[in-house]
Amino acid sequence: MNVPLWFVVAVVAYLGVKLARPPMWVVIVLLIGGFLLANSIFAGPIGSGIDGGAGIFGGSK
């Protein structure tokens, strides 16, 4: 079964907000920080780290 990544992220985010009930400012800071981090020099290493972790947990290695 193939599920789009955006759908998984949306479900996890929804459940996280509903179950953990973080303050709204924490949610906003994480969203803005992630947006700014995506356009920084750290985007490449973070992306390759996520791909490596997904490969390990996904069983491709």
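Below, each value reflects all heavy atoms present in this structure, side chains not excepted, and no hydrogens, waters or symmetry copies. For the single chain, residues carry numbers from 1 onward in sequence order.
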Trainee: Tell me whether V29 is reachable from M24 by hopping between hydrophobic residues (I, L, V, M, F, W, Y) whose side-chain heavy atoms are closer than 4.5 Å.
Mentor: no

Trainee: Name all residues meeting the side chain to side chain contact (heavy atoms under 4.5 Å, CB included) criterion together with W6; count only those two or more places apart in sequence or in a different chain, and write none if there are none.
Mentor: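 Checked W6 against side chain to side chain contact (heavy atoms under 4.5 Å, CB included); matches are P4.
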
Trainee: Report all side-chain donor-acceptor pairs from residues 36-44 shorter than 3.5 Å, counting only partners two or more places apart or in another chain.
Mentor:
{"residue": "S40", "atom": "OG", "partner": "L37", "partner atom": "O", "Å": "2.8"}
{"residue": "S40", "atom": "OG", "partner": "F42", "partner atom": "N", "Å": "3.2"}

Trainee: Starting from Y14, can I reach V3 by hopping between I/L/V/M/F/W/Y residues whose side chains sit under 4.5 Å apart?
Mentor: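 Result: yes, single cluster for both.
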
Trainee: Under the rule for side chain to side chain contact (heavy atoms under 4.5 Å, CB included), what residues qualify as partners of V12, not counting sequence neighbours?
Mentor: V8

Trainee: Do W25 and L31 sit in one hydrophobic cluster, given that two such residues count as connected whenever their side-chain heavy atoms are within less than 4.5 Å of each other, even indirectly?
Mentor: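 Result: no, two separate clusters.
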
Trainee: Kindly work out whether a path of hydrophobic side-chain contacts (I/L/V/M/F/W/Y, heavy atoms less than 4.5 Å apart) joins L30 to V27.
Mentor: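 They do not share one cluster, since no chain of ILVMFWY contacts under 4.5 Å joins L30 to V27.
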
Trainee: Can you name the closest pair of heavy atoms from P22 and G16 and give their distance?
Mentor: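 Here P22 and G16 meet closest at CD-O, 4.0 Å.
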
